[in-house]
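Below is one structure, written out as structure tokens; the observations come after it.
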Amino acid sequence: MPLVSGTEILQAARKGGYAIGAFNTNNLEWTQAILQAAEEKKAPVLIQTSMGAAKYMGGYKLVVNMVKDLIESMNITVPVTLHLDHGDYEAALACIEAGYTSVMFDGSHLPFDENLKLAKDVVEKAHAKGVSVECEVGSIGGEEDGIIGTGELADIDECVQIANTGIDFLACGIGNIHGAYPSNWTGLAFDHLQAIANAVGQDMPLVLHGGSGIPADQIAKAISMGVSKINVNTEFQVLFAKATREYIEAGKDLEGKGFDPRQLLAPGKAAIVKEAEAHIDLFGSANKA
């Protein structure tokens, strides 16, 4: 199946009362693991790269070709969207040209007037090529590719103005953060989420960033209130590191050809497959392809 834009699958999720996992990839093995999990669960999926991860892997065009080739070689039949996560204006335009089927322009750290102006331009250029667009209001806490947010509650009027640019899904700050959640985190601001959902309308899929570590009951409640895309990255990184560390600490790399990267990275890959499947179940997107 060819890559698809995020619009149709997220609209279906919004109407169906479930969310689709947006899983960051960092290399070949991670991409294989995400695709394997989605296919086994018969779930639509967004594979996304940060600007830094794409650069690490060799650039946006390489990522496009890798994902397309893996879809073909792995006989993937579920809808797959290739998405840019937290892209600046230049990165969003570059990904549109490179063949990504969805982009996030993150102007949340800019003055709002500038965020709005650039969002309109990205939407125009993206939609001309059938590419879906996500934008953000109210910066998300933590750090993502050098963009640091303090966990703001998004301004509702600004959410409406950004939504009116024609974006396909909206990321909004509701107390969520990137990375590990601190022990004193007070949880998602559901009253604010409901106010945003009411203001932008039930046809606008909402995006929850910082999906790693949010309790399952809060995930379920957020989905019931309009969240249709949930980003997960840190959780997979921690599990990948843990599985790799356990393999080495057990001396497996010293047994036979255990040092072969294909064997060295296999436990981490298996951990991502298992966790991605668990998240797909949690988000309710299994058997929705």
Side-chain angles (χ1 to χ4, degrees), residues 1-6 9-10 19-87 91 94-96 98-104 131-132 134 144-145 209 211-212 229-244 247 260-281 283 285-286 288-289:
M1 174 178 282
L3 288 168
V4 301
S5 84
I9 61 174
L10 286 177
I20 297 174
F23 304 132
N24 286 62
T25 186
N26 294 279
N27 59 25
L28 173 70
E29 286 77 15
W30 286 55
T31 311
Q32 291 172 317
I34 294 166
L35 289 172
Q36 181 181 330
E39 184 67 24
E40 290 180 357
K41 286 293 181 178
K42 298 302 176 187
V45 70
L46 290 99
I47 295 179
Q48 55 188 30
T49 67
S50 65
M51 295 184 294
K55 181 179 180 180
Y56 168 79
M57 286 186 278
Y60 300 122
K61 194 64 179 177
L62 184 146
V63 173
V64 171
N65 290 330
M66 176 181 68
V67 174
K68 285 183 175 179
D69 289 349
L70 284 174
I71 288 172
E72 180 179 354
S73 65
M74 294 175 68
N75 298 313
I76 301 301
T77 63
V78 301
V80 179
T81 297
L82 178 56
H83 181 73
L84 171 67
D85 187 28
H86 288 283
C95 285
I96 292 167
Y100 278 57
T101 54
S102 186
V103 296
M104 178 189 186
V131 175
S132 55
E134 172 186 349
E144 185 79 15
D145 259 12
H209 284 247
S212 297
K229 172 180 179 278
I230 301 178
N231 289 19
V232 182
N233 186 23
T234 301
E235 205 163 341
F236 289 5
Q237 290 182 335
V238 170
L239 287 169
F240 187 90
K242 180 176 182 289
T244 305
Y247 178 87
D260 186 323
R262 289 170 292 182
Q263 296 191 43
L264 181 66
L265 298 178
K269 177 183 173 183
I272 294 175
V273 172
K274 182 178 180 181
E275 197 63 25
E277 290 181 352
H279 278 76
I280 287 168
D281 286 337
F283 300 160
S285 56
K288 300 296 185 182

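One-based numbering along the sequence shown. Values in this document were obtained by computation on a predicted structure and should not be read as measured data. Note that these values count all heavy atoms, side chains included, but never hydrogens, waters or copies made by symmetry.
- Side-chain atoms of Leu84 and Met104, non-hydrogen and from C-beta on, never get closer than 4.5 Å to each other.
- Heavy-atom minimum distance, Asn24 versus Ser50: ND2-N, 4.0 Å.
- Side chains of His209 and His86 form a contact here, defined as non-hydrogen atoms less than 4.5 Å apart.
- Taking all atoms of both residues into account, the shortest heavy-atom contact from Lys229 to Ala22 is CE-CB, 3.7 Å.
- Here the OG1-CG distance, from Thr244 to Leu239, works out to 10.5 Å after rounding to the nearest 0.5 Å.
- Take Asp260 and apply the salt bridge (Lys or Arg N to Asp or Glu O under 4.0 Å) test, not counting sequence neighbours, and it matches Arg262.
- Exactly one of Thr81, Leu35, Val63 qualifies for a side-chain contact (heavy atoms from CB on, under 4.5 Å) with Ile47. That residue is Leu35.
- In terms of heavy-atom proximity, Gly99 sits nearest to Val64 at C-CG2, 3.8 Å.
- Contact annotation: the side chain of Thr49 never approaches that of Tyr56 to less than 4.5 Å [non-hydrogen atoms, C-beta and beyond].
- Side chains of Met57 and Thr25 form a contact here, defined as non-hydrogen atoms less than 4.5 Å apart.
- Nearest approach of Glu29 to Lys269, heavy atoms of both residues: O-CG, 3.8 Å.
- Once rounded to the nearest 0.5 Å, the distance linking CD1 of Ile71 with OG1 of Thr77 reads 10.5 Å.
- Residue pairs meeting the side chain to side chain donor-acceptor pair (under 3.5 Å) criterion with at least one partner in residues 61-74, sequence neighbours excluded, do not occur; the list is empty.
- The closest side-chain heavy-atom distance from Ile76 to Val78 is below 4.5 Å.
- Below 30°, between 30° and 60°, or above 60°: for Tyr60 and Tyr100 the angle between ring planes is above 60°, a perpendicular geometry.
- Listed for the Ser285 side chain is no donor-acceptor partner under 3.5 Å among the backbone atoms of Lys288.
- The two residues Ala33 and Ile272 make their nearest non-hydrogen contact at CB-CG2, 3.7 Å.
- Between Phe23 and Phe283, the ring planes are parallel. Angles under 30° get that label, and only those over 60° would be called perpendicular.
- Across every non-hydrogen atom of Ile9 and Pro79, the tightest pair is CG2-CB, 4.0 Å.
- Ser5 and Ser132 share no side-chain donor-acceptor pair at under 3.5 Å.
- Here Leu46 contributes atom CG and Ile34 contributes atom CD1; the two are 10.5 Å apart, rounded to the nearest 0.5 Å.
- Atom CD of residue Gln32 and atom CG of residue Leu265 lie 10.0 Å apart, to the nearest 0.5 angstrom.
- Side chain of Thr101 to main chain of Leu82: a donor-acceptor pair is present (N/O by atom type, distance under 3.5 Å, no hydrogens or angles).
- Under the salt bridge (Lys or Arg N to Asp or Glu O under 4.0 Å) criterion, the residue pairs touching residues 30-57 are Glu39-Lys42, Lys41-Asp281, with sequence neighbours excluded.
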**Request:** For the pair Asn26 and Gln237, evaluate side-chain contact (heavy atoms from CB on, under 4.5 Å) and give the outcome as yes or no after the intermediate values.
**Result:** CA-CA 9 Å; Asn26 294 279; Gln237 290 182 335; 3.9 Å; yes
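- In this pair, Phe236 and His279 present their aromatic rings perpendicular. The plane angle is above 60°, beyond the 30 to 60° band.
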